[in-house]
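Because only heavy atoms are used, hydrogens play no part in the values below, and waters and symmetry mates are left out as well, while side chains stay in.
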Amino acid sequence: MAPGLLDLVHLTTWAVCAVIKLPQLVAVLRAGSAWGLSLSSLLLELAGYLVFLRYHIYYGYPLETYLEYPIIIAQDALLISCIMHFSGKARRALFYAVIYWGSWYMLTLQKCIIDLAMNLCTFVSAASKLVQLQHLWQTKDSGQASALTWGMSVYTCAARIITTVMTTNDLAVLIRFIVMLILNIWVTATVLHYRKTKKTD
């Protein structure tokens, strides 16, 4: 792949990730409700993002291969705060913040810890998508779940498969993006299915 094309893929990924959670945030704030979203799913997703970011920093990978993660983490934290507020669980936010902060530092105490965490990160991130799918299947209602946010996640995973192959060629990272791509497509299709079902009722 030409360097110019690789730069374009990086740029479009950053642009999408700069706003990736905004459609979801807007939907939640407009509705004043987090119906259709799973807090557990978002907490798992945030854990996966933190491990992924820490791994890339630890191994000194090029900044352009993970620049979007601090932005996504901030958006996820804001979305989780909104969901906790609307579901009456705002008091738990400090507890989760302390857990995540402590984990951030413990991850790099030894090389084997960060390597194990990265391998488990794929399972944690996959679990976050499966928890959201389970929530959608149980409620049979997409509620405030944003198909646009999930669709943008599909794009970023596909783009990161390309950039990973072209830059770091890290197998653990590549497997994670492939698994996330498949699950993000599945969640997007499920959100759209229940949105269509709700409109026809």
Considering non-hydrogen atoms only, spot the tightest contact between [X] and [Y] and give its length.
X	Y	answer
Ser33	Gln144	O-CG, 3.4 Å
Cys121	Val51	CB-CG1, 3.8 Å
Gly36	Ala145	O-CB, 4.0 Å
Ile71	Cys17	CG2-O, 3.6 Å
Met152	Val19	CE-O, 3.7 Å
Ser41	Ser128	OG-O, 2.6 Å

If we ignore hydrogens and angles and just use 3.5 Å, is the side chain of [X] paired with the main-chain N or O of [Y] as donor and acceptor?
X	Y	answer
Thr156	Ser153	yes
Glu64	Asp7	no
His135	Ser38	no
Thr164	Ile161	no
Asn184	Met180	yes
Gln75	Lys21	yes
Thr188	Ala147	no
Gln24	Leu148	no
Arg176	Leu171	no

Check whether any side-chain heavy atom of [X] sits under 4.5 Å from a side-chain heavy atom of [Y], and report yes or no.
X	Y	answer
Leu46	Leu42	no
Asp141	Tyr194	no
Leu6	His10	yes
Leu8	Leu5	yes
Val173	Tyr55	yes
Leu44	Ser125	no
Leu109	Met106	yes
Ser142	Leu136	yes

Same cluster (ILVMFWY, side-chain, under 4.5 Å), [X] and [Y]:
X	Y	value
Ile178	Val165	yes
Ile73	Phe177	yes
Trp186	Val124	no
Ile99	Ile83	yes
Tyr155	Ile182	yes

Ring-plane angle category for His56 and Phe52, please: parallel below 30°, perpendicular beyond 60°, tilted otherwise.
tilted
Can you tell me how far the [atom1] atom of [X] sits from the [atom2] atom of [Y], to the nearest 0.5 Å?
X	Y	atom1	atom2	result
Gln138	Lys140	CD	NZ	9.0 Å
Leu107	Ile114	CG	CD1	4.5 Å
Ile72	Leu50	CD1	CG	11.5 Å
Leu116	Ile113	CG	CD1	8.5 Å
Arg195	Thr190	CZ	OG1	12.0 Å
Leu79	Leu29	CG	CG	8.5 Å

Atom OH of Tyr59: over 12 foreign heavy atoms under 6.0 Å:
yes
Got a sec: does the CH2 of Trp104 have more than 12 other heavy atoms crowding it under 6.0 Å?
yes
Taking Tyr49 as the fixed residue, which of Tyr100, Tyr69, Tyr66 is the one that meets the ring pair (Phe, Tyr, Trp, His ring centres under 6.0 Å) rule?
Tyr69
Is it true that the side chains of Thr13 and Arg160 contain a donor and an acceptor less than 3.5 Å apart?
no
Tyr61: which of Thr168, Thr167, Asp170 passes side chain to side chain donor-acceptor pair (under 3.5 Å):
Asp170
Yes or no on side chain to side chain contact (heavy atoms under 4.5 Å, CB included) for Asp115 and Lys111, after CA distance, side-chain angles and deciding distance?
CA-CA 6 Å; Asp115 289 341; Lys111 182 183 179 301; 2.7 Å; yes
